[in-house]
Amino acid sequence: IMDRHGGVHTTVITAALVPRTENMMITGMDLGGHPRTADPVPERLFRTMFERSGVGTIVLDKDTCIVLANPAFCQLVGYAREDVEGKMALFDIVGEEDTTRLVASPRAGHSDRCIPPDIHELQLKHREGAYRTVLVVAGAMPGTGWCVLSAVDNTPGKMVERHLQENECRLQIVLESANESLWELDLTTLRLELSRSFYTGLGYAPGQFDATCHSLMPLLHPEDEEPVTRALGRARERSVERGKIEFRLRAADATWRWML
(Lines give C-alpha, C1' and ligand atoms only; values in the text may rest on other atoms or scores of the structure.)
Protein backbone atom coordinates (compact mmCIF):
# COMPACT_ATOMS: atom_id res chain seq x y z
CA ILE A 1 0.00 0.00 0.00
CA MET A 2 1.36 3.45 -0.97
CA ASP A 3 0.97 6.24 1.56
CA ARG A 4 0.53 9.94 0.77
CA HIS A 5 4.31 10.51 0.91
CA GLY A 6 5.00 7.86 -1.72
CA GLY A 7 6.23 5.28 0.76
CA VAL A 8 5.30 1.65 0.09
CA HIS A 9 4.19 -0.59 2.95
CA THR A 10 3.99 -4.36 2.93
CA THR A 11 0.59 -5.00 4.41
CA VAL A 12 -1.51 -8.06 5.23
CA ILE A 13 -5.06 -7.54 4.02
CA THR A 14 -7.74 -10.04 4.98
CA ALA A 15 -11.38 -9.91 3.97
CA ALA A 16 -14.52 -12.02 4.19
CA LEU A 17 -18.20 -11.58 3.49
CA VAL A 18 -20.35 -11.22 6.59
CA PRO A 19 -22.83 -14.14 6.49
CA ARG A 20 -26.37 -13.36 5.36
CA THR A 21 -25.51 -9.75 4.47
CA GLU A 22 -24.02 -7.83 1.58
CA ASN A 23 -21.29 -6.46 3.87
CA MET A 24 -17.60 -7.33 3.98
CA MET A 25 -15.23 -7.23 6.93
CA ILE A 26 -11.71 -6.08 5.99
CA THR A 27 -8.65 -5.76 8.21
CA GLY A 28 -5.18 -4.53 7.35
CA MET A 29 -1.89 -4.87 9.23
CA ASP A 30 1.33 -3.12 8.28
CA LEU A 31 4.32 -5.49 8.38
CA GLY A 32 6.79 -2.63 8.41
CA GLY A 33 9.67 -2.10 5.98
CA HIS A 34 9.02 1.58 5.20
CA PRO A 35 11.48 2.37 2.37
CA ARG A 36 12.01 6.03 3.19
CA THR A 37 13.36 5.74 6.70
CA ALA A 38 14.92 3.30 9.13
CA ASP A 39 12.79 4.67 11.96
CA PRO A 40 10.57 1.88 13.36
CA VAL A 41 7.41 3.97 13.02
CA PRO A 42 5.46 1.27 11.11
CA GLU A 43 6.14 -1.20 13.91
CA ARG A 44 4.89 1.28 16.49
CA LEU A 45 1.82 1.97 14.38
CA PHE A 46 1.16 -1.73 14.09
CA ARG A 47 1.50 -2.19 17.83
CA THR A 48 -0.80 0.79 18.52
CA MET A 49 -3.43 -0.49 16.09
CA PHE A 50 -3.15 -3.99 17.51
CA GLU A 51 -3.50 -2.86 21.13
CA ARG A 52 -6.24 -0.27 20.69
CA SER A 53 -8.38 -2.01 18.11
CA GLY A 54 -11.90 -2.81 19.25
CA VAL A 55 -11.75 -5.98 17.15
CA GLY A 56 -10.43 -9.08 18.88
CA THR A 57 -7.19 -9.98 17.11
CA ILE A 58 -4.62 -12.73 17.60
CA VAL A 59 -1.46 -13.88 15.84
CA LEU A 60 -1.11 -17.65 15.43
CA ASP A 61 2.04 -19.61 14.65
CA LYS A 62 2.13 -22.59 12.26
CA ASP A 63 0.95 -24.89 15.08
CA THR A 64 -2.06 -22.63 15.83
CA CYS A 65 -0.49 -21.50 19.10
CA ILE A 66 -1.54 -17.97 20.08
CA VAL A 67 1.61 -15.84 19.94
CA LEU A 68 -0.04 -12.44 20.43
CA ALA A 69 -3.50 -11.46 21.67
CA ASN A 70 -4.85 -7.94 21.97
CA PRO A 71 -7.04 -6.69 24.87
CA ALA A 72 -10.24 -6.94 22.81
CA PHE A 73 -9.66 -10.63 22.16
CA CYS A 74 -8.80 -11.32 25.81
CA GLN A 75 -12.04 -9.64 26.83
CA LEU A 76 -13.92 -11.75 24.29
CA VAL A 77 -12.71 -15.02 25.83
CA GLY A 78 -12.41 -13.80 29.44
CA TYR A 79 -8.73 -14.65 29.94
CA ALA A 80 -5.84 -12.44 30.97
CA ARG A 81 -3.21 -11.89 28.29
CA GLU A 82 -0.55 -13.76 30.27
CA ASP A 83 -2.85 -16.81 30.30
CA VAL A 84 -3.28 -16.71 26.53
CA GLU A 85 -0.05 -15.72 24.81
CA GLY A 86 2.28 -18.70 24.39
CA LYS A 87 0.04 -20.91 26.55
CA MET A 88 -3.11 -21.49 24.52
CA ALA A 89 -3.84 -22.68 21.00
CA LEU A 90 -6.81 -21.83 18.81
CA PHE A 91 -8.24 -25.31 19.35
CA ASP A 92 -8.34 -24.71 23.12
CA ILE A 93 -11.03 -22.06 22.78
CA VAL A 94 -12.89 -23.14 19.63
CA GLY A 95 -16.13 -25.12 19.85
CA GLU A 96 -15.99 -28.86 19.24
CA GLU A 97 -17.93 -28.68 15.98
CA ASP A 98 -15.66 -25.98 14.59
CA THR A 99 -12.57 -27.92 15.69
CA THR A 100 -13.79 -30.92 13.69
CA ARG A 101 -14.32 -28.74 10.65
CA LEU A 102 -10.85 -27.24 10.94
CA VAL A 103 -9.09 -30.58 11.38
CA ALA A 104 -10.99 -32.13 8.47
CA SER A 105 -10.31 -29.20 6.15
CA PRO A 106 -8.17 -29.70 3.01
CA ARG A 107 -5.52 -27.37 4.48
CA ALA A 108 -5.05 -29.40 7.66
CA GLY A 109 -1.41 -30.36 7.96
CA HIS A 110 -0.34 -27.62 5.55
CA SER A 111 1.93 -24.80 6.64
CA ASP A 112 -1.07 -22.48 6.40
CA ARG A 113 -3.33 -24.71 8.45
CA CYS A 114 -3.80 -22.01 11.07
CA ILE A 115 -6.02 -20.17 8.59
CA PRO A 116 -9.65 -21.33 8.96
CA PRO A 117 -10.58 -22.12 5.33
CA ASP A 118 -13.99 -20.89 4.20
CA ILE A 119 -15.20 -20.46 7.78
CA HIS A 120 -16.76 -17.13 8.60
CA GLU A 121 -18.35 -18.10 11.91
CA LEU A 122 -16.75 -19.78 14.91
CA GLN A 123 -17.85 -20.60 18.43
CA LEU A 124 -15.31 -19.28 20.95
CA LYS A 125 -15.44 -20.64 24.47
CA HIS A 126 -15.42 -18.06 27.25
CA ARG A 127 -13.50 -18.76 30.43
CA GLU A 128 -16.80 -19.16 32.30
CA GLY A 129 -17.91 -21.89 29.90
CA ALA A 130 -20.34 -19.99 27.69
CA TYR A 131 -19.79 -19.86 23.92
CA ARG A 132 -19.72 -16.68 21.87
CA THR A 133 -20.57 -16.67 18.18
CA VAL A 134 -17.96 -14.62 16.31
CA LEU A 135 -17.45 -13.52 12.73
CA VAL A 136 -13.91 -14.40 11.76
CA VAL A 137 -11.52 -13.24 9.07
CA ALA A 138 -7.96 -14.57 8.85
CA GLY A 139 -4.94 -14.22 6.59
CA ALA A 140 -1.38 -15.48 6.30
CA MET A 141 1.64 -13.36 7.20
CA PRO A 142 3.91 -13.88 4.16
CA GLY A 143 7.21 -15.61 4.79
CA THR A 144 6.46 -16.44 8.43
CA GLY A 145 4.11 -19.42 8.47
CA TRP A 146 1.99 -17.40 10.90
CA CYS A 147 -1.42 -15.87 10.40
CA VAL A 148 -3.53 -13.06 11.81
CA LEU A 149 -7.09 -13.77 12.92
CA SER A 150 -9.65 -11.10 13.78
CA ALA A 151 -12.95 -11.91 15.49
CA VAL A 152 -16.06 -9.77 15.96
CA ASP A 153 -18.67 -10.85 18.51
CA ASN A 154 -21.92 -11.69 16.71
CA THR A 155 -23.68 -13.33 19.66
CA PRO A 156 -26.40 -10.63 19.93
CA GLY A 157 -27.09 -10.96 16.20
CA LYS A 158 -27.38 -14.75 16.48
CA MET A 159 -29.77 -14.38 19.42
CA VAL A 160 -31.99 -12.05 17.38
CA GLU A 161 -31.84 -14.48 14.46
CA ARG A 162 -32.78 -17.41 16.72
CA HIS A 163 -35.70 -15.47 18.22
CA LEU A 164 -36.95 -14.60 14.74
CA GLN A 165 -36.75 -18.25 13.70
CA GLU A 166 -38.60 -19.32 16.83
CA ASN A 167 -41.31 -16.71 16.24
CA GLU A 168 -41.61 -17.79 12.63
CA CYS A 169 -41.97 -21.39 13.75
CA ARG A 170 -44.66 -20.43 16.26
CA LEU A 171 -46.53 -18.44 13.62
CA GLN A 172 -46.33 -21.37 11.23
CA ILE A 173 -47.77 -23.70 13.89
CA VAL A 174 -50.64 -21.28 14.58
CA LEU A 175 -51.41 -20.90 10.89
CA GLU A 176 -51.28 -24.63 10.30
CA SER A 177 -53.52 -25.26 13.30
CA ALA A 178 -56.01 -22.69 12.01
CA ASN A 179 -55.74 -24.25 8.54
CA GLU A 180 -54.84 -20.84 7.08
CA SER A 181 -52.92 -20.59 3.83
CA LEU A 182 -49.89 -18.33 3.93
CA TRP A 183 -47.80 -17.09 1.06
CA GLU A 184 -45.03 -14.50 0.90
CA LEU A 185 -43.63 -13.04 -2.29
CA ASP A 186 -40.09 -11.74 -2.86
CA LEU A 187 -40.66 -8.85 -5.28
CA THR A 188 -37.07 -8.99 -6.51
CA THR A 189 -36.75 -12.68 -7.37
CA LEU A 190 -40.50 -13.43 -7.68
CA ARG A 191 -40.00 -16.46 -5.47
CA LEU A 192 -42.71 -17.45 -3.02
CA GLU A 193 -42.74 -18.86 0.48
CA LEU A 194 -45.78 -21.12 0.64
CA SER A 195 -47.20 -22.70 3.77
CA ARG A 196 -48.14 -26.36 3.90
CA SER A 197 -51.80 -25.35 4.10
CA PHE A 198 -51.48 -23.42 0.85
CA TYR A 199 -50.69 -26.64 -1.00
CA THR A 200 -53.09 -28.92 0.88
CA GLY A 201 -55.91 -26.38 0.69
CA LEU A 202 -55.77 -26.74 -3.08
CA GLY A 203 -55.45 -30.51 -2.88
CA TYR A 204 -51.76 -30.63 -3.83
CA ALA A 205 -48.93 -32.30 -1.96
CA PRO A 206 -46.59 -29.84 -0.20
CA GLY A 207 -43.84 -28.88 -2.63
CA GLN A 208 -45.64 -30.43 -5.62
CA PHE A 209 -44.87 -27.35 -7.72
CA ASP A 210 -42.10 -24.77 -7.50
CA ALA A 211 -42.77 -21.77 -5.30
CA THR A 212 -42.47 -19.14 -8.04
CA CYS A 213 -44.89 -16.80 -9.79
CA HIS A 214 -44.03 -18.54 -13.06
CA SER A 215 -45.17 -21.89 -11.64
CA LEU A 216 -48.45 -20.45 -10.33
CA MET A 217 -49.47 -18.69 -13.55
CA PRO A 218 -50.80 -21.89 -15.24
CA LEU A 219 -53.06 -22.41 -12.20
CA LEU A 220 -54.48 -18.87 -12.41
CA HIS A 221 -57.98 -18.38 -13.82
CA PRO A 222 -57.79 -16.79 -17.30
CA GLU A 223 -60.07 -13.91 -16.25
CA ASP A 224 -57.81 -13.10 -13.30
CA GLU A 225 -54.50 -13.12 -15.14
CA GLU A 226 -54.61 -9.46 -16.24
CA PRO A 227 -55.60 -7.91 -12.87
CA VAL A 228 -53.08 -10.06 -11.01
CA THR A 229 -50.33 -9.06 -13.44
CA ARG A 230 -51.21 -5.36 -13.00
CA ALA A 231 -51.23 -5.67 -9.21
CA LEU A 232 -47.88 -7.44 -9.27
CA GLY A 233 -46.43 -4.69 -11.47
CA ARG A 234 -47.61 -1.95 -9.10
CA ALA A 235 -46.11 -3.81 -6.16
CA ARG A 236 -42.73 -4.25 -7.89
CA GLU A 237 -42.70 -0.54 -8.77
CA ARG A 238 -43.44 0.26 -5.10
CA SER A 239 -46.26 2.53 -6.25
CA VAL A 240 -48.50 1.18 -3.50
CA GLU A 241 -47.64 0.36 0.11
CA ARG A 242 -50.58 -1.95 0.69
CA GLY A 243 -53.02 -3.68 -1.61
CA LYS A 244 -55.68 -6.39 -1.79
CA ILE A 245 -56.74 -8.57 -4.67
CA GLU A 246 -58.94 -11.63 -5.10
CA PHE A 247 -58.16 -14.28 -7.68
CA ARG A 248 -58.89 -17.89 -8.46
CA LEU A 249 -56.51 -20.84 -8.59
CA ARG A 250 -57.21 -24.25 -10.06
CA ALA A 251 -57.24 -26.98 -7.41
CA ALA A 252 -56.11 -30.55 -7.91
CA ASP A 253 -59.74 -31.65 -8.50
CA ALA A 254 -60.03 -29.08 -11.37
CA THR A 255 -62.33 -26.77 -9.38
CA TRP A 256 -61.57 -23.09 -8.84
CA ARG A 257 -60.71 -21.80 -5.37
CA TRP A 258 -60.93 -18.12 -4.47
CA MET A 259 -57.77 -16.68 -2.91
CA LEU A 260 -57.25 -13.29 -1.25
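Inspection of the T255 and D253 side chains reveals an N or O donor paired with an N or O acceptor under 3.5 Å. Donor-acceptor pairing under 3.5 Å is recorded for the side chains of T133 and Q123. Inspection of the S215 and T212 side chains reveals an N or O donor paired with an N or O acceptor under 3.5 Å.
With sequence neighbours excluded, no residue forms a side chain to side chain contact (heavy atoms under 4.5 Å, CB included) with Q75. Considering only residues two or more places apart in sequence or on other chains, E226 meets the side chain to side chain contact (heavy atoms under 4.5 Å, CB included) condition with R230. Annotation: side chain to side chain contact (heavy atoms under 4.5 Å, CB included) contacts of E223 (sequence neighbours excluded): H221, R248. Residues that satisfy the side chain to side chain contact (heavy atoms under 4.5 Å, CB included) test with R81, not counting sequence neighbours, are F50, E51, N70, P71, C74, E85. Partners of Y199 by ring-ring contact (aromatic ring centres under 6.0 Å, His included), not counting sequence neighbours, listed by chain and number: F209.
At a threshold of 4.5 Å between non-hydrogen side-chain atoms, the residues M217 and T229 count as touching. Side-chain contact between V152 and V134 is absent, with no heavy atoms from C-beta onward closer than 4.5 Å. By the 4.5 Å heavy-atom criterion applied to side chains, I245 and P227 are counted as neighbours. When side chains are defined from C-beta on, V148 counts as touching T57, because their heavy atoms get closer than 4.5 Å. For the pair T64 and F91, the minimum side-chain heavy-atom distance is below 4.5 Å. Between L60 and V67 the shortest side-chain heavy-atom distance does not fall below 4.5 Å.
Of all heavy-atom pairs spanning S197 and T200, the tightest one is CA-OG1, 3.3 Å. The heavy-atom pair separating W256 from L219 by the smallest distance is CZ3-O, 3.4 Å. Nearest heavy atom pair, residue V55 against residue A151, reads CG1-O, 3.7 Å.
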Just do the side chain to side chain contact (heavy atoms under 4.5 Å, CB included) check on D83 and R127 with the steps written out, would you? CA-CA 11 Å; D83 296 327; R127 185 172 187 171; 4.0 Å; yes

Problem set entry | side chain to side chain contact (heavy atoms under 4.5 Å, CB included) assessment of L135 paired with E121 | CA-CA 5 Å; L135 302 179; E121 284 189 354; 3.7 Å; yes

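One distance of note links CH2 of W146 with CG of L68; it measures 7.0 Å at 0.5 Å rounding. Note that the CD1 atom of I93 and the CG atom of L124 stand 5.5 Å from one another [nearest 0.5 Å]. To the nearest 0.5 Å, atoms CD1 (I58) and SG (C147) are separated by 7.5 Å. Distance check, rounded to the nearest 0.5 Å: SG of C65 to NZ of K87 gives 11.5 Å. Taking CZ of R132 as the start and CG of L122 as the end, the distance is 14.5 Å to the nearest 0.5 Å. Taken from CG in D153 to NE2 in H126, the straight-line distance is 10.0 Å, to the nearest 0.5 Å.
Screening residues 54-81 for ring pair (Phe, Tyr, Trp, His ring centres under 6.0 Å), with sequence neighbours left out, gives no hits.
E128 CD: 12 or fewer foreign heavy atoms inside a 6.0 Å radius.
Each of Y131 and V84 belongs to its own hydrophobic cluster when Ile, Leu, Val, Met, Phe, Trp and Tyr are linked at side-chain heavy-atom distances under 4.5 angstrom.
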